[in-house]
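Comments concern the structure below.
Whatever order the structure lists ligands and atoms in, that order sets their numbers, starting from 1.
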Amino acid sequence: MVRMCRRSALCLALFSAFAFLATAQQPTLLVDIDHRAQTSLDGPWHYIPDPYREGWGSNPDHASLNGYVKNAHYVPGGPLLQYDFARSPTLDVPGDWNSQKDSLFYYEGLLWYQRDFTVHPTPHTHLFIHFGAVNYAAHIFVNDLHVCDHEGGSTPFDCEITGVVKDGDNFIVAAVDNQRTVDRVPTIKSDWWNYGGITRPVSLVEVPDTYIDDYSLQLKRGTSNQLEGYVHVTGAAAGAHVTLSIPDLHIEKDAVTDTNGRAEFSFPAPSLELWSPEHPRLYSISLHAGPDELKDDIGFRTIEVQGDQILLNGKPVFLRGISYHDEAPFRSGRSWSDKDAETLLGWAHELHCNFVRMAHYPHTENEYRLADKLGLMVWSEIPVYWGIDWTNPPTLDVAKHQLWEMIRRDHNHASVIMWSLSNETPESLDRNAFIHQLAVEARSEDPTRLITSAIVTHFKGTTATLDDPLGQDLDVLGYNEYLGWYQGTPSAIPDYTWQNPLGKPVIVSEFGAGAKAGLHGPATEMFTEEYQDNVFRQQFLMLGKIPFLRGMTPWVLMDFRSPMRQLPGIQDDYNRKGLVSDKGERKKAFFTLQDYYAKMQK
Ligand code: GCB
């Protein structure tokens, strides 16, 4: 599939049809980007909102852009052009546009970004612009040339600009489009804010002419002291040498690339200390391939299922989790900084979690890095959410591509123990077929991790039978339920019982209730902290009786913005099911969950 194509006339000409094409070749996506030397392109970028899509000009296939791209530096007195980037206001990158400008709060559509940059390219190198994430579609131009496109709002991409840039001053234009459409992933309706823009950092990355674009190093399945993996070197001839060293283990290994540039490793590591929440041991590793070197800090652990148990490093584990959105504490908007990650995961740590569900799309990579360090296991998800366009091949393509990008970016994080393929998808044969293909893709990309999904729990009377056919494709069954909030009263929750015909491990991947921080009243009054707290207490009575329960990720760590939540004075555009408010106030249920998890640890 081609979801990001690089500069070429053919690529541009095929732009409007590219969703229907399939190729075996994935675009370059550099792993471990934060360990590479980068020149930041963060900071103020000029912007022009374009609700009528004027900048595309008259040609619908974008091939002759006569709008905001050509002559991005409009000079007054020159030909009539009714825009001027240099005199246009700026938005901070990284950052969504909605939370930066009141006028863009509800804006969805096309918006043009522009900035200048200076570069002095070195001979025999490749130069990329790395985008951490752009929501949702991005069309990138450098010095008036179309260099790449990307679809999918929460995964990274690298645009190659070797040969396009001049020594000295250059400029970049990014057309960013967050229009919700039926065929996109996510689709037109989701319970979170459709934050638009260049939401994660942007940088220039220069690599040698042969370079490591991907590597993997993990414990061999079924062992605790045998490491295996590969290094992929773009541009390397067969037989090129690759070395891998892990100084703390006194390991130095050599391998040679095959005709595809791939060098495989497999060797014993007898004194390896395994990564776990109690002992999140990371090892510094370094890889050398010709002129290229890459360093990383990674951990090693096994994760598997046995019957209805989840085994971490061969021992049963209970996942004391919390779900959360990638939304910035205190200031709202998309989270992207280290400080945001520290606050969010700091709260999870304070709750005595050993697990987090990063809902409902891949979060910033710094959260995965921090989870590695803190010893938090991670559920990582793609935004196949509610009613996707199941029978539309381009929709499947883009879902698969987001899955591929998520796995590619994060497959060396020991913290990630499961990939989630979907959330609360309505049961149908088309849905089953679509997610089955995602499961096949995930297993072939990463055979070492577990596959899960969050499924809607349907109760018949007071019994939940966990028999959604989707479960057949999964290793771990996630089930969401809102007893005491959308269904039934809190006091009835303990009467519900669960059956698990597939016999797989089960996580209750959502439960919760809304509460406005500081609103107090009787436990029967919705939106009070007491009501929410009572739902949690009653849930624990029920959950404690499910013999095959292997974890939970209550909904949700922090209040988050959602246009679906309009109750004045209470919601005001926020889903209030957070245990912490968007201003960082801890609600009663925060302490109840903290206490519950603390007791579980003993
Ligand atoms: C759900 C969804 C989640 C919503 C939540 C709610 O089932 O998975 O995205 O935000 O319910 O608050 O209703």
(request) Provide the number and element of each atom of ligand 1 under 4.0 Å from a heavy atom of His360. (result) 3 (C), 8 (O), 9 (O)
(message) Only heavy atoms of Arg565, strictly under 4.0 Å: list the atoms of ligand 1 that pass.
(response) 6 (C), 12 (O), 13 (O)
(request) Measure the acute angle between the ring planes of Trp390 and Phe434, then classify it against the limits of 30° and 60° as parallel, tilted or perpendicular. (result) perpendicular
(message) Could you check whether Lys516 pairs with Glu529 (Lys NZ or Arg NE/NH1/NH2 to Asp/Glu carboxylate O, under 4.0 Å)?
(response) no
(request) Within a distance under 4.0 Å of any heavy atom of Lys577, pick out the atoms of ligand 1 and give their elements. (result) 6 (C), 12 (O), 13 (O)
(request) Please verify whether a non-hydrogen atom of Tyr385 lies at under 4.0 Å from ligand 1. (result) yes
(request) Enumerate the atoms of ligand 1 whose separation from the nearest heavy atom of Asn423 is less than 4.0 angstrom. (result) 2 (C), 8 (O)
(message) Show the atoms of ligand 1 that are less than 4.0 angstrom away from any heavy atom in Phe560.
(response) 10 (O)
(request) State plainly whether the residues Arg576 and Asp582 are in salt-bridge range, i.e. N to O under 4.0 Å. (result) yes
(message) Under 4.0 Å, heavy-atom basis, I'd like to know which part of Trp485 is in contact with ligand 1: side chain, backbone, both or neither.
(response) neither
(message) Only heavy atoms of Asn480, strictly under 4.0 Å: list the atoms of ligand 1 that pass.
(response) 8 (O)
(request) Using a strict cut-off of 4.0 Å, indicate which atoms of ligand 1 neighbour a heavy atom of Tyr486. (result) 6 (C), 12 (O), 13 (O)
(request) Select one of side chain, backbone, both or neither to describe which atoms of Trp192 lie under 4.0 Å from any atom of ligand 1, heavy atoms only. (result) neither
(message) Between Asp397 and Lys400, does any NZ, NE, NH1 or NH2 come within less than 4.0 Å of an OD or OE carboxylate oxygen?
(response) no
(request) Under 4.0 Å from a heavy atom of Asn575: give me the atoms of ligand 1 that qualify, with their elements. (result) 6 (C), 10 (O), 12 (O)
